[in-house]
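Here the structure is a predicted model, which means the values were calculated and not measured. Numbers for residues simply follow the sequence, beginning at 1.
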Amino acid sequence: MTTSGKPTLKITVLNDLRCPMRDGVELMADVYMPTEGGPFPTVISRTPYDRGNDMIHSVPSAVALAQQGFAVVSQDVRGRYDSDGDWYPFRSEVDDGADTLKWAAAQPWSNGELGMTGASYFGLTQWQAAQSGDPNLKAILPRVSYSDVHSNWVYTGGALQLAFGLSWSIAMSTRTSRKQPMYLPDEVHLSSLFWNLPMIDADEAAGRRIAHWKDWISHPSYGPYWEGMSPIGSNYGETSTAAYHTAGWFDVFLQGSLNNFIGMTA
């Protein structure tokens with residue numbers, strides 16, 4: 001078989017590997033790699049969207065890279081799907097990313113040369129891990145990423161990204177994705193929830209109680225709450241990892257991607 005004119009290798013998959021974090025929590029990962037040879041250069045993707053999801057490129061990308069000679073680690077982030085711990089967006093990705101790098105580099109199928117890839121939240125996890133300064137991390141490929149969660153995700157340009165933020169928060173309110181179905185009647189339809197006042201209770205109008213949504217609404221201005229998430233925009237000096245930036249002109253994360261290119265170049 002070939003992909004883009006290049007010969008492809010037969011692969012094997014190691015499922016349900018447990019990656020220990022510094023606080024004892026274990027995150028679950030699958031590894032895709034060539035059947036023969038090794039150890040291999042290793043690519044890591046860390047996702048809250050289910051590492052086994054074949055709709056957002058987790059599995060297809062891992063298979064394609066493994067067929068070209070890489071070991072690929074696909075990991076559920078803390079508190080999502082099969083990974084242990086409590087889910088709270090963004091908060092744990094610096095330490096968990098650093099611990100994942102150390103774990104991957106020490107595996108017998110890895111040659112210790114690491115890269116990371118992925119878009120959106122996957123991109124955020126790359127920037128957070130890169131702040132560890134781990135010398136084994138040689139390159140990252142963040143697509144449509146961010147420079148800080150406050151200014152490039154939740155309060156873009158100072159205005160609350162209501163439609164994006166609320167719909168994403170509802171979908172991400174549990175261990176697995178729970179979107180608000182579009183067939184629901186008007187009184188609980190997502191478009192009606194956007195008009196709910198006070199906004200801090202919009203999650204409850206959807207029948208949920210979402211800690212991070214209430215925290216976002218309670219912290220409209222940049223300050224210690226957002227700084228506690230270690231935005232890469234304040235920490236470019238913490239990494240010298242090579243980065244290939246990709247963005248969409250009309251994507252919500254365009255400005256963050258531009259900020260990161262300019263900040264890393266500087």
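Legend: residues meeting salt bridge (charged side-chain N to carboxylate O under 4.0 Å, His left out) with Arg78, ordered by chain and number and at least two apart, are Asp23, Asp96. When the salt bridge (charged side-chain N to carboxylate O under 4.0 Å, His left out) test is applied to Asp82, the partners found at least two apart in sequence or on another chain are Arg51. Partners of Phe194 under the ring pair (Phe, Tyr, Trp, His ring centres under 6.0 Å) rule, at least two apart in sequence or in another chain, do not exist in this structure. Listed by chain and residue number, nothing satisfies the ring pair (Phe, Tyr, Trp, His ring centres under 6.0 Å) test with Tyr88 (two or more places apart in sequence, or in another chain). Take His189 and apply the ring pair (Phe, Tyr, Trp, His ring centres under 6.0 Å) test, not counting sequence neighbours, and it matches no residue. Residues forming a side chain to side chain donor-acceptor pair (under 3.5 Å) with Asn111 (at least two apart in sequence, or on another chain): none. Among residues two or more places apart in sequence or in another chain, the salt bridge (charged side-chain N to carboxylate O under 4.0 Å, His left out) test is passed with Asp251 by none. Remark: Tyr222 engages His150 in a ring pair (Phe, Tyr, Trp, His ring centres under 6.0 Å) (not counting sequence neighbours). Here Asp215 pairs with nothing under the salt bridge (charged side-chain N to carboxylate O under 4.0 Å, His left out) rule; sequence neighbours left out.
Counting non-hydrogen atoms of neighbouring residues, nucleotides and ligands closer than 6.0 angstrom, the CG atom of Asp201 exceeds 12 such neighbours. Other residues, nucleotides and ligands contribute more than 12 heavy atoms inside 6.0 Å of the NZ atom of Lys214.
Looking only at side-chain heavy atoms (C-beta outward), Lys138 and Thr241 stay at 4.5 Å or farther from each other. You'll find the side chain of Tyr236 stays beyond 4.5 Å of the side chain of Ile262, heavy atoms only. Looking only at side-chain heavy atoms (C-beta outward), Thr174 and Trp87 stay at 4.5 Å or farther from each other. Side-chain contact check for Leu166 versus Ile170: some heavy-atom pair is nearer than 4.5 Å. Contact of the Leu27 side chain with the Asp84 side chain is not registered, since no non-hydrogen atoms from C-beta on lie closer than 4.5 Å. Within the 4.5 Å cutoff, the side chain of Glu187 has no heavy atoms near those of the Ser192 side chain. Annotation: side chain of Ile232 is in contact with side chain of Gln131 (closest heavy-atom distance under 4.5 Å). Two residues are said to be in side-chain contact when any heavy atoms from C-beta on lie closer than 4.5 Å; Thr117 and Arg143 meet this criterion.
A distance-only check finds no donor-acceptor pair linking the side chain of Trp153 to the backbone of Gln161 [under 3.5 Å]. Checking side-chain atoms of Trp249 against main-chain N and O of Leu254 turns up no donor-acceptor pair under 3.5 Å. Side chain of Tyr81 to main chain of Ser177: a donor-acceptor pair is present (N/O by atom type, distance under 3.5 Å, no hydrogens or angles). Looking at Arg18, its side chain never comes within 3.5 Å of a backbone N or O of Met28 through a donor-acceptor pair. Without hydrogens or angle criteria, Ser257 side chain to Ser145 main chain gives a donor-acceptor distance under 3.5 Å. The backbone N or O of Leu141 sits less than 3.5 Å from a side-chain atom of Gln126, completing a donor-acceptor pair. Not a single donor-acceptor pair under 3.5 Å links the side chain of Ser173 to the backbone N or O of Ile210.
Separation of atoms OG1 (Thr47) and CG (Asn53) is listed at 7.5 Å; rounding is to 0.5 Å. The structure places CD of Gln75 at 8.5 Å from OG of Ser45, a figure rounded to the nearest 0.5 Å. Of the inter-residue distances, the one linking Glu26 atom CD with Ser83 atom OG reads 9.5 Å to the nearest 0.5 angstrom. From Trp213, atom CH2 reaches atom CH2 of Trp168 across 11.5 Å, with rounding to the nearest 0.5 Å. Interatomic distance, OG of Ser167 versus CG of Leu190, reported as 5.5 Å (0.5 Å rounding). Here the CG-CG distance, from Asn235 to Asp148, works out to 10.5 Å after rounding to the nearest 0.5 Å.
The hydrophobic clustering, which links ILVMFWY residues whose side-chain heavy atoms are closer than 4.5 Å, places Phe70 and Tyr244 apart. Under the 4.5 Å side-chain heavy-atom criterion for grouping Ile, Leu, Val, Met, Phe, Trp and Tyr, Phe164 is connected to Tyr155 within one hydrophobic cluster. Taken together through direct or relayed side-chain contacts under 4.5 Å among Ile, Leu, Val, Met, Phe, Trp and Tyr, Met116 and Met21 form parts of separate hydrophobic clusters. Residues Met264 and Leu258 fall into different hydrophobic clusters, defined by Ile, Leu, Val, Met, Phe, Trp and Tyr side chains chained together at heavy-atom separations under 4.5 Å.
Legend: salt bridge (charged side-chain N to carboxylate O under 4.0 Å, His left out) pairs involving residues 165-186, not counting sequence neighbours: none detected. Listed by first then second residue, pairs satisfying ring-ring contact (aromatic ring centres under 6.0 Å, His included) with a partner in residues 98-120 read Trp103-Trp109, not counting sequence neighbours.
Using bins of under 30°, 30° to 60° and over 60° for the plane-to-plane angle, the ring pair Trp216/Phe90 lands in the parallel bin.
Across Thr125, Ile44, Val77, a single residue satisfies side-chain contact (heavy atoms from CB on, under 4.5 Å) together with Thr100, and that is Ile44.
When ring centroids are compared, Tyr146 and Trp127 stay outside the 6.0 Å threshold.
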Anything under 3.5 Å between a donor and an acceptor, one on a side chain of residues 31-40, the other on a protein residue two or more places apart or in another chain? List them.
unit_1 : atom_1 : unit_2 : atom_2 : d
Thr35  : OG1    : Lys10  : O      : 3.3
Thr35  : OG1    : Ile11  : N      : 3.4
Thr35  : OG1    : Ile11  : O      : 3.2

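The two residues Thr265 and Phe261 have their closest heavy-atom pair at OG1-O, 2.7 Å. Between Asp99 and Pro20, the shortest heavy-atom contact is CB-O, 4.3 Å. Of all heavy-atom pairs spanning Ala130 and Thr239, the tightest one is O-CB, 3.2 Å. Shortest non-hydrogen contact noted between Leu101 and Ser132 is CD1-OG, 3.8 Å.
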Start with the C-alpha gap between Asp95 and Arg22, add the side-chain angles, then the distance that decides, and say whether salt bridge (Lys or Arg N to Asp or Glu O under 4.0 Å) holds.
CA-CA 8 Å; Asp95 289 348; Arg22 65 190 66 185; 3.4 Å; yes
Could you walk me through whether Ser147 and Asn259 pass side-chain hydrogen bond (donor to acceptor under 3.5 Å, both in side chains), step by step?
CA-CA 6 Å; Ser147 58; Asn259 290 349; 3.1 Å; yes
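No hydrogens or angles considered: nothing links the side chains of Asp30 and Ser74 as a donor-acceptor pair under 3.5 Å.
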